[in-house]
2 protein chains.
Amino acid sequence: MAELQRDAAQSYAALGRAVGLSGGAVHERVRKLRERGVIRATTVEVDPVALDRPVLAYVMVGADAWMGESGDAFAGIPEIMEAHVIAGEASVLVKVRTATTEQLQDVLRRIYGIQGVANTQAIVVLETFFERPVRP
Amino acid sequence: MAELQRDAAQSYAALGRAVGLSGGAVHERVRKLRERGVIRATTVEVDPVALDRPVLAYVMVGADAWMGESGDAFAGIPEIMEAHVIAGEASVLVKVRTATTEQLQDVLRRIYGIQGVANTQAIVVLETFFERPVRP
DNA sequence: TATGAAATGCTCGAGGC
DNA sequence: GCCTCGAGCATTTCATA
């Protein structure tokens with residue numbers, strides 16, 4: 001499956017050669033992985049900088065109320081790429097990508113608008129060493 | 001391009017219908033996006049839980065030395081999905097996926113083994129609201 | 001840079017081991 | 001669960017505008 005993650009555009013025949021199986025067998029295996037939900041989707045990996053979103057930040061969101069049902073509120077802010085409920089001092093950790101730091105500030109403003117949010121702490125990324133997919 | 005991110009397995013003809021272009025034109029446009037590096041790769045999105053990696057944590061790594069060249073050291077730990085140099089108290093922020101909390105502890109041990117690392121603070125994720133790709 | 005048509009090559013089912 | 005085979009369809013190239 002690592003081969004599929006590396007390049008999902010290649011043919012089943014080529015995949016079979018890489019793994020030592022026939023094209024048909026690979027096709028069957030991949031079909032079952034999709035069916036079982038192990039493979040969620042086939043997508044393209046896009047360069048955020050080329051898409052004019054060079055500013056990356058993580059924001060720790062502190063709350064004064066239960067935020068376990070606030071997922072949709074965070075999803076409503078398109079600049080937020082990920083949102084997680086966390087253990088520890090803060091309540092929610094979100095990953096934000098914007099074009100400028102002004103836009104980052106605006107995202108923080110919108111986060112403050114969410115019910116139960118008490119404070120935020122932004123962690124600005126200066127350089128990304130790497131980002132890679134889950135290897136099996 | 002949002003359509004390609006949603007499902008890169010569909011045909012160029014179907015893509016063309018969704019955008020209002022012919023199959024050949026879509027093919028040409030996508031080829032150029034690949035060439036220019038906007039589209040980095042075609043991959044499959046894999047469910048981390050189905051792959052037996054249900055434990056997700058972010059680790060803030062504090063340093064007592066310059067860590068700007070330590071990218072490879074972090075890349076050497078396969079459980080680390082992302083590593084960023086950050087502004088603020090800590091120096092590096094990493095995203096970690098493991099099967100168990102014991103393995104998370106072991107990853108922390110290996111992080112301490114990297115030159116210049118002075119301390120770590122792990123933030124364990126209890127629930128993921130969502131994770132989504134960069135929209136154009 | 002878009003189109004449409006033509007040739008190559010792939011997908012994905014059926015059938016057998 | 002893997003293999004082979006074949007019909008149908010997608011990809012990719014090229015002439016054209």
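This one's a predicted model, so the numbers in the text were calculated from it and none came from an experiment.
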Partner of A/H84 under ring pair (Phe, Tyr, Trp, His ring centres under 6.0 Å), chosen from B/F129, B/Y58, B/F130 =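 Result for ring pair (Phe, Tyr, Trp, His ring centres under 6.0 Å) with A/H84: B/Y58.
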query = Once you round to the nearest 0.5 Å, how far does CZ of A/R132 lie from CE of B/M81?
reply =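 Those atoms lie 6.5 Å apart.
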query = Looking at CD1 of A/I114 and CD1 of A/I77, how far apart are the two atoms once the value is rounded to the nearest 0.5 Å?
reply =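 The distance works out to 4.0 Å.
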request  = Would you confirm whether B/S70, through its side chain, and B/A73, through its main-chain N or O, come within 3.5 Å as a donor-acceptor pair?
outcome  =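 No; judged by distance alone, with no hydrogens or angles, the pair does not exist.
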key: Euclidean distance, atom OH of residue B/Y12 to atom C1' of C/dA5 [Å, nearest integer]   =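 Those two atoms, OH and C1', are 19 Å apart.
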ask   = Pick one: which of A/R29, A/E28, A/R34 meets side-chain contact (heavy atoms from CB on, under 4.5 Å) with A/R31?
value =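 The passing option is A/E28.
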key: Among B/T120, B/I123, B/V92, B/V94, side-chain contact (heavy atoms from CB on, under 4.5 Å) partner for B/M60   =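 Result for side-chain contact (heavy atoms from CB on, under 4.5 Å) with B/M60: B/I123.
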inquiry  = Can you give me the bend angle of the helix from C/dT1-D/dA17 to C/dC17-D/dG1? Use the axis through the first five pairs and the one through the last five, nearest 10 degrees.
reply    =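 Axis-to-axis angle, ends of the helix: 30°.
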DNA chain D contacts made by residues 14-34 of chain B, counting heavy atoms under 4.0 Å =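 DNA chain D contact set from residues 14-34 of chain B: B/H27.
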inquiry  = Run the salt bridge (Lys or Arg N to Asp or Glu O under 4.0 Å) test on B/E131 and A/R40 for me, step by step, so that the C-alpha distance in whole Å, both residues' side-chain angles and the decisive distance to 0.1 Å come before the verdict.
reply    = CA-CA 12 Å; B/E131 289 180 286; A/R40 284 200 185 131; 5.4 Å; no
side-chain hydrogen bond (donor to acceptor under 3.5 Å, both in side chains) partners for A/N119, two or more places apart =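 For A/N119 there are no side-chain hydrogen bond (donor to acceptor under 3.5 Å, both in side chains) partners, ignoring immediate neighbours.
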